[in-house]
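Accompanying notes for the structure given below.
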Amino acid sequence: LTLYLTRKGVNAKAFLREDGQLQVLKGSTAVYETTLSFSRHPYKPLRDDLIKIGKLVKTGQGYQFNDDYVFNSPSAAGAVILGNSTNGQREWKNKTGKTLKEILN
C-alpha cells in the first residue's frame, strides 16, 4: 500500500509493510523547524539520530531522506517528518486522499 504525507510543505511517500511498519522512501522530505513541544517528544531523539547519521540531509527548505527508512509505525514516521506529535493513521493518505485509518477500517 503506497501512502503519502503532504502537509507543512513536505512531500513524503511510503509503503505500509505487512508487519505494520512504514517504509519511507528515498527522496521524501521533512520539515526543518520542529515545534517547541517536540523538544520533549519521544521521537525527537530518533529524528536527531537520522540527521546525525546522514539519513536525513539538509536541503534548501528542510530535510530529505537520502535512503529508504523503516519506521516502527505510521505515527513515528509522521512525527519525524512533520516535527510535531501526529496521528499517523490520519496523516498518511493514499493517492485519492483516503486516510490510512479509513483504509484499515
Practice task
Determine the interplanar angle of the F38 and H41 rings, folded into 0 to 90°, and report it as parallel if under 30°, tilted if 30 to 60°, perpendicular if over 60°.
Solution key: parallel
Practice task
For the pair S75 (side chain) and G88 (backbone), establish whether a donor and an acceptor sit closer than 3.5 Å, ignoring hydrogens and angles.
Solution key: yes
Problem - Considering all heavy atoms, the nearest G20-L16 contact - result: O-CD1, 3.7 Å
Practice task
Enter the distance from S28:OG to N11:CG here, rounded to the nearest 0.5 Å.
Solution key: 7.0 Å
Exercise for the section: Determine whether L5 and L3 make a side-chain contact, defined as any pair of heavy atoms from C-beta on separated by less than 4.5 Å. Expected result: no
Problem - Atom pair NZ/OG1 of K8 and T35 - distance to nearest 0.5 Å - result: 6.0 Å
Handout entry: Within one Ile-Leu-Val-Met-Phe-Trp-Tyr cluster: L1 and I81, side-chain cutoff 4.5 Å
Key = yes
Handout entry: Side chain proximity check, I103 to N94, heavy atoms < 4.5 angstrom
Key = yes
Handout entry: Lys/Arg-Asp/Glu bridge criterion (N-O < 4.0 Å) met for K44, D48
Key = yes
Handout entry: Beyond-backbone contact of T86 with Y43, side-chain heavy atoms, under 4.5 angstrom
Key = no
Practice task
Sequence neighbours left out, what pairs pass salt bridge (Lys or Arg N to Asp or Glu O under 4.0 Å) with at least one residue falling in residues 82-95?
Solution key: R7-E91
Completion exercise
The reported gap from OG1 in T2 to CZ in F15 (rounded to nearest 0.5 angstrom) is 4.0 Å
Practice task
Would you kindly say whether K101 and N87 are connected by a side-chain donor-acceptor distance under 3.5 Å?
Solution key: no
Exercise for the section: Determine which pairs satisfy side chain to side chain donor-acceptor pair (under 3.5 Å) with at least one residue from residues 13-25, sequence neighbours left out, and list them in order. Expected result: R17-D19, R17-Q21, Q23-D68
Problem - ILVMFWY network linking Y32 to L50, side-chain heavy atoms under 4.5 angstrom - result: yes
Problem - Residue pairs passing the ring-ring contact (aromatic ring centres under 6.0 Å, His included) test where at least one lies in residues 80-105, sequence neighbours excluded - result: none
Exercise for the section: State which residues pass salt bridge (Lys or Arg N to Asp or Glu O under 4.0 Å) with D67; sequence neighbours excluded, sorted by chain then number. Expected result: K55
Practice task
Tell me, yes or no, whether the heavy-atom count around L36 atom CG, taken from other residues, nucleotides or ligands under 6.0 Å, exceeds 12.
Solution key: no
Handout entry: Cluster overlap V10 with L46, hydrophobic side-chain contacts below 4.5 Å
Key = yes
Handout entry: Donor-acceptor under 3.5 Å (Q64 side chain, T29 main chain)
Key = no
Handout entry: Crowding at CD, Q61 (>12 non-hydrogen neighbours, <6.0 Å)
Key = no
Handout entry: Heavy-atom side-chain proximity of V31 to Y63 below 4.5 angstrom
Key = no
Practice task
Would you mind listing the cluster partners of V57? Hydrophobic ones only (ILVMFWY), side-chain contacts under 4.5 Å, chaining allowed.
Solution key: none
Problem - Partners passing salt bridge (Lys or Arg N to Asp or Glu O under 4.0 Å) against K26 (at least two apart in sequence or in another chain) - result: none
Exercise for the section: Would you check if V24 and V80 make a side-chain contact, meaning some heavy-atom pair closer than 4.5 Å? Expected result: no
Problem - Hydrophobic cluster membership, Y4 vs F65, 4.5 Å side-chain cutoff - result: no
